[in-house]
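Here is the structure we will look at, set down as structure tokens.
Every number for a ligand or one of its atoms is a count from 1 in the order of the listing. Predicted model only: the values in this text are computed from it and were never measured.
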Amino acid sequence: MLDKLIFVINCGSSSLKFKIIDPIKKKTLLFGLAENFHNNNSIIKWNFNEKKKKIKFYNKITHKFILNYLVEKILKKNLLYDSIIGIGHRIVHGGEKFINSVLITDTVLEEIKKASIFAPLHNPIQVIGVKEMKKILPHLKNKQVAVFDTAFHQTIPIKSYLYALPIIFYKKYKIRRYGAHGTSHKYVTQIAAKFLNIKLHNFNCISCHLGNGSSITAINNGKSIDTSMGLTPLEGLVMGTRCGNIDPAIIFYMFNELNFDMDTIYNILTKKSGMLGLTNITSDFRYIEENYFKNNDIKIATDVFIHNLTKYIASYSVLMNNKIHAIIFTGGIGENSTLIREKTIKKLKILNFFIDKKLNNIFKYGKIGLISTNFSIPIIVIPTNEELMISQETFKIIYKIK
Ligand code: AMP
């Protein structure tokens, strides 16, 4: 038997990501992805011992099928099966109930199901994932842990999470800001506090998770006090294909005047907007960065992205009286896009943020480091690792470590 390993499972609506992690050594032994479940082009790809493998199925597959395949054909074959001591599930929405990760009991599973109204594409599938794993690995049925994207934001005060709607919509229907990317914001906050040698409970920062989905969080004394995503991950910053903040009246205009039906409008706001919608070309920031000075549509779209990000950083900075120890950049764009980091920070001189161009060019492609000048409030690039965080939380809960 190897070490104590955690099986991390992230069930999406038509995909499943997985990792086998040693949470103590912080080492990933195996990772992969199964995708395209609903068409005849489904595939599972994985990486073990630096060897890449893939199997195509040429038919529709289910989460149940792929979890069985993973255990029987991959984990057992690679001698990892016996070392797995727990299963960590990424759960998108925990409603107001879950402020921390929890061991999954029948009651917890019921609550996760109830929160499905706010994450209809994710929570029901994630419940299936938990139930299937109980059958596939019955000896671990009481060692499954739910790690919620929303839990980290349960500390935000009522003034940050209420929408100015008739109060019944919160009291009866629980419509409020829940936020997302909590696992990532929590992870990078912990790393940043260690990096700067400040105790987590004294640490104040602004965490910018910029990826296909982007969100920004204000963290005071190690706790989330405001975040840009809302009831769902559609609110906030300009994203890859999501619109972020818009005037809600636009939806009525599209419906009443332009005669779009509600499904089409939802599809436009979630899949066809953001950088893809503005550029009319791509949501890929590698392409966007390369073409910023060559294509005017790309320049304008990027300027809109930066303008929104700057407004959030400035307003969160003010919320914390500018007594912040760091800005953190993470996510595919935050970790790699020197252009976005430079152009955003240049607008924030008034708040004592100054970027060091040379350092900004060094810290990308998975490197952690400071990209600010000596005069600046520290600006740090930190590669996120949500799965490692899930494995560590799972380990702690199984062994009842505080
Ligand atoms: P994520 O959702 O965190 O995986 O981030 C995906 C986003 O990161 C996409 O827009 C990518 O284009 C962007 N990204 C990934 N690598 C780079 C890079 N080297 N330079 C700029 N953007 C990148």
Side-chain angles (χ1 to χ4, degrees), residues 8 10 12-19 28 31-33 35 45 47 90 92 121-122 149 179-189 191 207-217 227-229 232-234 236-244 270-295 297-299 301-306 308-309 328-345 355 357 359-369 371 380-390:
V8 176
N10 180 353
S13 49
S14 63
S15 67
L16 191 150
K17 288 186 193 148
F18 50 91
K19 276 195 180 177
T28 299
F31 63 92
L33 162 76
E35 58 189 346
K45 304 175 207 168
N47 197 310
R90 174 194 177 217
V92 164
L121 297 181
H122 291 95
D149 273 7
H181 288 147
T183 312
S184 173
H185 289 298
K186 185 172 175 182
Y187 175 78
V188 294
T189 300
I191 301 284
S207 165
C208 308
H209 178 116
L210 310 177
N212 283 322
S214 291
S215 71
I216 174 162
T217 298
T227 193
S228 59
M229 281 178 169
T232 74
L234 189 52
L237 297 165
V238 174
M239 302 184 221
T241 62
R242 286 174 241 166
C243 59
T270 53
K271 304 238 163 69
K272 304 222 179 330
S273 299
M275 296 303 285
L276 176 66
L278 283 171
T279 61
N280 213 9
I281 303 172
T282 185
S283 62
D284 188 337
F285 270 81
R286 281 164 286 214
Y287 187 87
I288 288 168
E289 216 177 304
E290 270 173 39
N291 291 282
Y292 180 80
F293 293 105
K294 297 180 199 156
N295 177 316
D297 289 340
I298 286 185
K299 184 179 178 303
T302 312
D303 289 347
V304 173
F305 180 97
I306 291 166
N308 273 278
L309 178 58
I328 304 166
F329 280 105
T330 193
I333 300 161
E335 290 164 31
N336 298 299
S337 178
T338 47
L339 179 91
I340 295 295
R341 297 188 311 220
E342 184 186 328
K343 290 208 162 285
T344 307
I345 297 300
I355 199 152
K357 270 192 172 183
L359 294 174
N360 190 32
N361 275 315
I362 293 173
F363 292 104
K364 47 187 176 182
Y365 311 139
K367 282 188 237 154
I368 169 171
I371 57 167
I380 318 172
V381 175
I382 302 178
T384 194
N385 195 338
E386 286 158 290
E387 293 84 4
L388 175 62
M389 187 81 195
I390 294 173

For Asn336 against Gly366, the heavy-atom pair lying closest together = OD1-N, 4.5 Å
query = Is the distance between the ring centroids of Phe363 and Phe329 under 6.0 Å?
reply = no
note = Rounded to the nearest 0.5 Å, the CD atom of Glu290 sits from the CD1 atom of Ile298 at a distance of 9.5 Å
inquiry  = Assess the residue pair Thr183 and Glu386 against the criterion (side-chain hydrogen bond (donor to acceptor under 3.5 Å, both in side chains)); give the C-alpha distance rounded to whole Å, side-chain angles, the decisive distance to 0.1 Å, and a yes or no.
reply    = CA-CA 6 Å; Thr183 312; Glu386 286 158 290; 5.4 Å; no
inquiry  = Please verify the inter-ring angle class for His209 with His185; under 30° counts as parallel, over 60° as perpendicular, anything in between as tilted.
reply    = perpendicular
ask   = Listing by chain and number, which residues have a heavy atom under 4.0 Å from ligand 1?
value = Gly211, Asn212, Ser283, Asp284, Phe285, Arg286, Glu289, Gly331, Gly332, Ile333, Asn336, Tyr365
task = Look at Glu35 together with Lys45 and state whether they make a salt bridge at an N to O cut-off of under 4.0 Å.
result = yes
